[in-house]
Every structure is written in C-alpha cells, then in structure tokens.
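The first residue in the sequence is number 1, and the count goes up from there. Reckoned from all heavy atoms, side chains included, excluding hydrogens, waters and symmetry mates.
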Amino acid sequence: MMTHFQKLGNPSILKWVSSYFVENQQKMGSFHVPQSQNPRLYTTKRSVLSQQCYGEDGVRIPRATLKEAQTALLEYLHSTRSIQFVDAENMSKNSPHFLRKLLKKVEIVKDVRRSMSRFLRYHPINEFEPFFESLGLKPCEYTPLLPRDLMFLSDDCLLLENYRVLCEFGVERNKIGQIYKKAVQVFQHDFGVLLLKLQAYQKLGLSQSFIAKIIVYSPHVLTGDIDIKFIKVLEILNGLGFDYAWIKEHLSEKEFYNWSMIFRVLKFFREMGCSGELGGLISQHPRLLFEGSSGRVLSLIAFLLKFGLRMDRISSMFLQFPEIQVSHFVSNIIRFFLLFQEIEMEVDEIGKIVCSYPILLGSCTLKKTSSLLHDLNVGKKRLCKYIQENPQELSKWGMGTRVRPLPDSGEGLESQKLKTKFFLDLGYGENPNMLKKAFKVFRGRGGELQERFDTIVNAGLDQEDVSKMIRVSPQILNQSKALIQSKIDILVNELGFPLSSLILFPSYLSYTTQRVRLRLAMYNWLKDQGKAEPDLALSTIISWSDKIFLSQCVNNHPSGPQVWEDLKAEFTRDK
C-alpha cells in the first residue's frame, strides 16, 4: 500500500521540511550559558536598584539625585497633570530609563528637585513613556507602541480606565505591560465592558486570582466573547486531575497561547487512543500542550503522517516521548532527514527509517553531514548502505560524541583492482608513469569508470574511438552516467550535431550544458544576422574564453552585447 509520503513524492516533502528547517534553524542552534556568580572573577548582573544608579553610558548617577528626580516627577504627574496619586507614584518609581533620559536634559542648579520641577513646567513630557515603562516594558518594547499624536495620558481615557480595572482586579502593575504588548484591544474596550468580561469568567467558576494570572499569559481571552475553547481545555484538564495551580505553574509569559489549537491537540490525543494514558502523558510532558500552543506537536504529527506512520504508532511514540522540548525533537528529526537527502537515500528507505525509529531520530542532535563523512571516513554511497543495514548506529553520531571510522569493507581494494584493469584495457599499461598519472586524474570507483565508458560506447560510438577520446580528455569520465547521457542527448537531439562530433571534440562533455546552450544560441543569432562565420567549429565556439568569444563574435554586431546579456539572464533563469 502506498504511504502518504510516497504519494506526496520527494520534492513535496523536501520543500515542506526545508521551509520548516529554515524557520526554526535559529532556535535549533540556540543555547544558554549561565553566568558565573563568582564576583572575584566575573562581573555579575546589577540589581534593579543598582541599575537605577547608572546611566546608559555607564556613568554613575547618585542615588540621592534619582530620588529627588522621582519626587519631582511624582509632583508633576499628580499635582500638575492630575494623574491619580497611586498611578503617578508607580510611574515615578518604576521608570528608571525615562528618568535617566530626563536628567540628561535638565540643567541642574544646586537643587535637583527644583531644577526638575522648573524644567517640567516649561517642557511637557510624553507621559506614555514612563507609564509603559512602569507597566514592565523596556524602552525597546514600548517605543513601537507609543501613540503617534498623543502626549498626555488623559487624552486616552479608555487606556486609563481599562488599566485601572485590571489593577483593581488583582493584576500586578508590572505585568500589565505584557497584556498591552500581546493584546492592545483589551485597553480599547468601552467603559464597563472589560469588567463584565472578567466577571463572566468568574461566573463560570474561575477564581479571581486564577483569572488575574491567566490574562497575563493569554490576554486574548478578553478580546472577544468568552473563549469557549479555553473553557473546554480547562474542563478536560480538570477532568484529568489537573487543578488551576498546576496549569498556572506550567504557563509562561514568554509564550503565546492559542487555546483552540491546544484543544485540538487534546482532542487528537483522544482520537489516537491515548484517553486512558492522557493524564500521565500530560503530567510527564506538559510542554506537549503548552510549548508553542501545541503548534509544534501538530507539526510533528503532520510530519510523521507524511511519512505514512500509522496513528497507533504515533500514539505509542508520544507515550514514550523523551525529556526534550518538542521543537528540539522535531528539529532533530529534520536534521536526520536532511542527512538522508544529502547521501542520496531513496525516498522509500527514508520513510522506513523514520517510521521505524522516530524516538531515536528525535532524541539525538546529529552532527553535520560533512563532519560525519569525515569522521566515519566513508563516501555517501557506503554511508547510505551502512545506515540502511544498521539504523541503530544513528544514535551514536550525535553532537559532542566521538565518532570512530567505519571498518574497512574491502570495497576499496576491489575498486582498485577494477580501476587498474580499466586503465590497462585503455592502453595505459605500456607506460608505468602513465598508469600512475591515470590514478590521479580519474575520480570514481573502478566499476563506475567502466560504466561511464560503456555509456559513451552505447550511445553509438566505436570502442576504439571512445578509448582515444578518453586518452585525449580523461576528465570526461569524472562525471556521473546520468550527466554524460544528458550531455550527449542535448548535443544530438537538441543542438542537431552528429554523434561523431564527440570524436573530434571529446572535451565537449566537460563543459556545462548552460555554457554550451548559451554559446550556441548566441552564435546562431549572429549567423542569422550575417555577422558570424557560417562553419565555425563546435570546439571553437565552446572552448573560447568569454573574453575572446565577446571580441571575436558578440561584438561583431552593435546589438550583440545586449542580446548576449539577455540570453545569459534567460539561461540563468531557466537553470
């Protein structure tokens, strides 16, 4: 029976995998190295209080100066701008970056507080800057969020109203910035609407403290009607024995939670037959649900289905899932897939390995293909064969492990014998120096050289003629059989030259098909214009350097250079 993977075909799956790989490449390679905590050897991170005493240029600002500046800002915001005292105090005490920037603009004359007050009296500030900073956002985070045409908080009544609703509901002030950053719509609700939404969740049985935490992690539950998928997820998790404290513990402010997707994954697990073990699975691997809103789990399932892995096998895999992030697991499988592609493994063989060993492939971060080939001291063909015969060995080739060369298979000695016989048949045996030189010139195994030679003979040439061609241009056998066949086909069937042209010009097979087509297209155009010799030899047209070809042919016509550039662009595009 044909698998999903075989139906899609190699280009389809490669395109999908490659796009996923590119999107996640940065994540795959990222890691965290903790800072040393030894103050004698390394500089440690300053506390928030200490950071407030330093400007961005590293120059220390006296703490007393900062304190007076905070007092001046508080007085300005509360007394002059009529902002509620609690809000003004929070803004003045929790916007160190803004204060440092402000101090740079103020000319201090003896008293910092009076100098600041005088400055603020004549230079109104953009109140949204200290406001957003006091909500826990960094300047780089809030700068894109600043309103274009507003400076005063009082001009955005809905922002202040919804901010105060959240504060009174129990949301920490320094977390509200995350809500604004993720879902600005929450702060655009009309008067009274936000409170009704919060109360609606309470009526469904959710505690105020739980809601206050959830909306920091997932503020989109407040942007529309009640998020039914969110409620259903909670019901399923509660039914499996997970309380709200457990759910809060496994959520992160850094993530974006799509409850509809999480619900789909829970439903999918049930449909796969994991119902009985679902509680244990989630308890052991909560990141299957909460990492990337389960999006990575769905990507993994789609990936495996493309290879034809059955649902019951996917279910079994999740029940044995290793202690690893889902994104790393998927990235590891993709690394192996790309290795199989690079060593030219057949599509169905790749599918067999992925379906048989998904846990092995997902648990190991593979070395680069070039490193493996070097460390194992093998070529692509032998590595491909070795993997198919010994797939369990893949687990030993992870990054950070020492990979030993594979034992000699004896293929090298056999290839050497075939190569020697091939050279002797060509007539190299008469001269030992010629034989030694031949070993350096010809690349490939003995069997491959004979196969390539036979390909040229089978095209319709005499064996003796082909032997002479090889002695004149030995490099033509340093190409694959398929490429040689393709070049002969282009010469005879596309360009219209007789096969015997190869005897006179065997080096034709060494040139790229793009060069041959481009040169002949240009030559034929010039011939049609009466600006080229009608019987110029194929060897001359192809082997001339670009410089000589331009001077001897292309420049013979005023429009020649433009036609040449157009043809180059066309053939490059086709390639």
Given the side-chain rings of [X] and [Y], with only the six-membered ring counted for Trp, is the space between their centroids under 6.0 Å?
X: F307; Y: F337; result: yes
X: H557; Y: W525; result: yes
X: F256; Y: H220; result: yes

Atom [atom1] in [X], atom [atom2] in [Y]: separation rounded to 0.5 Å?
X: I541; Y: R515; atom1: CD1; atom2: CZ; value: 12.0 Å
X: S218; Y: Q178; atom1: OG; atom2: CD; value: 13.0 Å
X: S363; Y: L394; atom1: OG; atom2: CG; value: 12.0 Å
X: L366; Y: L338; atom1: CG; atom2: CG; value: 9.5 Å

Legend entry - Within-4.5 Å side-chain heavy-atom neighbours: S473 and F505: no
Inset, instruction - Flag the pair I301 / V265 as yes when at least one side-chain heavy-atom distance between them is below 4.5 Å, and no otherwise. - result: no
Inset, instruction - Would you verify whether the NZ or CZ of R517 falls within 45 degrees of the ring axis of F571 while also being under 6.0 Å from that six-membered ring's centre? - result: no
Measure across [X] and [Y] and return the closest heavy-atom pair with its distance rounded to 0.1 Å.
X: F453; Y: S467; answer: CZ-OG, 3.6 Å
X: S395; Y: C364; answer: O-SG, 4.0 Å
X: R296; Y: V330; answer: O-CG2, 4.0 Å
X: A459; Y: L499; answer: O-CD2, 3.2 Å

Does [X] pair with [Y] as a salt bridge, N-O distance under 4.0 Å?
X: E141; Y: K181; value: yes
X: D312; Y: R310; value: yes
X: D546; Y: K568; value: no

Inset, instruction - Indicate the ring-plane relationship of F329 and F321, choosing parallel, tilted or perpendicular according to the 30° and 60° boundaries. - result: tilted
Inset, instruction - Return yes if a side-chain donor-acceptor contact under 3.5 Å exists between D454 and N458, otherwise no. - result: no
Inset, instruction - Taking atom types as modelled, find out whether Q485 and T455 have a side-chain donor-acceptor pair closer than 3.5 angstrom. - result: no
Inset, instruction - Give the intermediate values and the outcome of side chain to side chain donor-acceptor pair (under 3.5 Å) for residues S510 and Q475. - result: CA-CA 7 Å; S510 301; Q475 72 277 7; 3.3 Å; yes
Legend entry - Candidate pair Q388 and K352, rule side chain to side chain donor-acceptor pair (under 3.5 Å), full reasoning: CA-CA 9 Å; Q388 290 173 36; K352 287 177 185 177; over 6 Å; no
